[in-house]
Amino acid sequence: MVVSPSEAQRHLLPAIAVALCGAIWGVFWVPLRWFDAEGVGGAWVSLIFNALALASPLPWLLKREAWTGWRDQSVNGLLLGTAFSLYTVSLVMTDVINAILLFYLTPVWSALGSWLLFRERLGPLRLLAMAMGFAGLAAILGTSGGLPLPRNAGDWVALVSGMFWAAGTLRSYRRPSQRISLPVFGFALGGVLSSTVILVVAGAMGLPLAETGHLPAMLPWIALLGLIVFVPPNFLVLWAAQRIDPARVGILLMTEVLFGSISAALLSGEPFLLSDAIGTALIVSAGFIEVLRR
């Protein structure tokens with residue numbers, strides 16, 4: 001299939017936007033761990049971020065026609081918002097590299113979803129990409145003579161967050177919105193709802209995710225960070241997800257894997273083993289194969 005220059009240019013800007021957002025999110029764990037060290041649970045950070053994002057598109061939603069397709073966008077937003085809330089808390093529940101790589105198995109889940117729901121063909125390259133993704137999963141988690149299953153709650157949360165993200169991007173691509181304000185509102189509303197549920201559950205179980213610590217003193221910093229690294233990228237990624245297919249969104253966001261793995265190896269103080277490097281290489285390679293396949 002030959003792609004015309006105009007079509008290539010039409011996809012270039014969304015692709016650049018997604019890659020840039022991934023790079024920003026790659027170091028998102030650094031301030032998140034700082035807030036956690038100050039006793040502010042990750043669920044609170046997620047709730048505040050999403051509350052800020054919820055208010056940002058309201059001026060564009062004052063007109064009645066802006067709510068066209070609100071049912072579809074509500075479902076999309078619930079999936080994507082839940083995905084990001086789960087991913088945010090996973091970054092303080094398990095090793096940074098585990099959280100990032102388990103979330104970024106999204107191309108595998110997107111490919112499976114496209115095959116199961118829309119009967120897209122699983123050709124040799126797509127099967128190879130999926131095999132490399134699962135091999136990367138095994139390298140990260142280890143097999144210990146059995147299946148490469150997550151070792152702790154944080155690993156499970158990160159893995160499930162990637163599945164939600166794949167479902168959300170797949171649905172956003174199939175049922176896009178003409179305006180970006182409504183998808184952003186839906187995403188943030190989904191994030192607020194899921195963060196609230198996480199807070200309630202974590203609070204009932206006495207988990208650190210719900211601790212308030214120095215929340216009043218840290219609130220301005222959390223809000224400032226949200227306005228820089230959360231609200232603008234939400235607009236950009238959701239805008240791009242309406243224009244390029246979900247597998248490609250997942251791949252382009254892998255700039256987060258590169259920035260996240262490098263920063264984690266240098267700054268987190270957590271061991272970065274050879275198995276982690278192999279897992280990173282396999283999962284990123286799976287992503288690039290999925291892009292080259294198209």
Side-chain angles (χ1 to χ4, degrees), residues 21 24-58 77-100 102-103 150-162 164-165 168 184-235 237 256 259-260 263-264 267-270:
C21 293
I24 293 172
W25 286 341
V27 293
F28 169 59
W29 67 269
V30 177
L32 194 64
R33 289 291 182 95
W34 175 47
F35 297 140
D36 185 66
E38 293 295 325
V40 180
W44 281 108
V45 178
S46 178
L47 179 62
I48 295 168
F49 276 10
N50 282 290
L52 290 170
L54 191 64
S56 62
L58 289 179
L78 183 61
L79 291 169
L80 293 170
T82 299
F84 206 88
S85 296
L86 292 173
Y87 175 58
T88 298
V89 299
S90 74
L91 287 167
V92 295
M93 293 177 67
T94 188
D95 291 349
V96 173
I97 192 63
N98 279 27
I100 292 174
L102 290 172
F103 176 80
R151 295 187 292 260
N152 54 54
D155 286 355
W156 277 110
V157 170
L159 187 66
V160 171
S161 70
F164 271 94
W165 185 265
V184 170
F185 182 81
F187 179 99
L189 182 60
V192 167
L193 293 175
S194 55
S195 297
T196 301
V197 171
I198 294 170
L199 268 174
V200 171
V201 173
M205 298 177 65
L207 300 177
L209 290 176
E211 290 183 358
T212 54
H214 298 94
L215 181 58
M218 301 302 294
L219 189 57
W221 294 105
I222 297 174
L224 179 62
L225 184 69
L227 291 172
I228 294 173
V229 304
F230 189 73
V231 175
N234 280 355
F235 274 90
V237 170
E256 181 172 355
F259 279 77
S263 61
L267 303 173
S268 70
E270 298 167 352

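Here the structure is a predicted model, which is why all the values come from computation and not from measurement.
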As an exercise, state the distance from CG of Leu47 to OG1 of Thr88, rounded to the nearest 0.5 Å.
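These two atoms lie 11.5 Å from each other.
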Could you grab the distance from atom OG1 of Thr82 to atom CH2 of Trp165, nearest 0.5 Å is fine?
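Separation between the atoms: 11.5 Å.
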Test log, rule side-chain contact (heavy atoms from CB on, under 4.5 Å), inputs Ile228 and Ile24
CA-CA 10 Å; Ile228 294 173; Ile24 293 172; over 6 Å; no
For the student: nearest non-hydrogen atoms of [X] and [Y], plus distance:
X	Y	result
Val89	Gly42	CG1-C, 4.0 Å
Ala83	Phe103	O-CE1, 4.5 Å
Ser161	Leu86	CB-CB, 3.6 Å
Arg33	Val96	NH2-CG2, 3.3 Å
Ala99	Ser90	CB-OG, 3.6 Å
Trp44	Ala210	NE1-O, 2.9 Å

Quick check: do [X] and [Y] have side-chain heavy atoms less than 4.5 Å from each other?
X	Y	result
Phe164	Leu80	no
Ser46	Ile198	no
Phe259	Ile100	no
Leu32	Asp36	no
Val229	Val27	no
Phe230	Leu225	no
Asn50	Phe187	yes
Leu102	Val160	no

Are the side chain of Asp95 and the backbone N or O of Ile97 linked by a donor-acceptor pair below 3.5 Å?
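A pair under 3.5 Å: no.
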Main chain of Gly260, side chain of Ser263: is a donor-acceptor contact present, judged purely on distance under 3.5 Å?
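Here the side-chain-to-backbone pair exists.
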Phe28-Phe49 aromatic ring centre distance below 6.0 Å:
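Judged by ring-centre distance (under 6.0 Å), Phe28 and Phe49 do meet the cut-off.
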Is the distance between the ring centroids of Trp25 and Tyr87 less than 6.0 Å?
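Trp25 vs Tyr87: aromatic centres not under 6.0 Å.
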Is it true that, when you exclude Trp221 itself, more than 12 heavy atoms of the residues, nucleotides or ligands shown sit nearer than 6.0 Å to its CH2?
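No - once you tally the heavy atoms of other residues, nucleotides and ligands closer than 6.0 Å, there are 12 at most.
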Run the numbers on Asn152 and Met93 for side-chain contact (heavy atoms from CB on, under 4.5 Å), then give the verdict.
CA-CA 9 Å; Asn152 54 54; Met93 293 177 67; over 6 Å; no
With respect to Met218, which candidate in Val40, Thr212, Ile48 satisfies the side-chain contact (heavy atoms from CB on, under 4.5 Å) definition?
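Among the candidates, only Val40 passes.
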Name the residue from Val197, Thr196, Leu189 that meets the side-chain contact (heavy atoms from CB on, under 4.5 Å) definition with Leu193.
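Per the side-chain contact (heavy atoms from CB on, under 4.5 Å) rule, the option paired with Leu193 is Leu189, out of Val197, Thr196, Leu189.
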Ser85 and Ser194: side-chain donor and acceptor closer than 3.5 Å?
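Yes, Ser194 and Ser85 have a side-chain donor paired with an acceptor closer than 3.5 Å.
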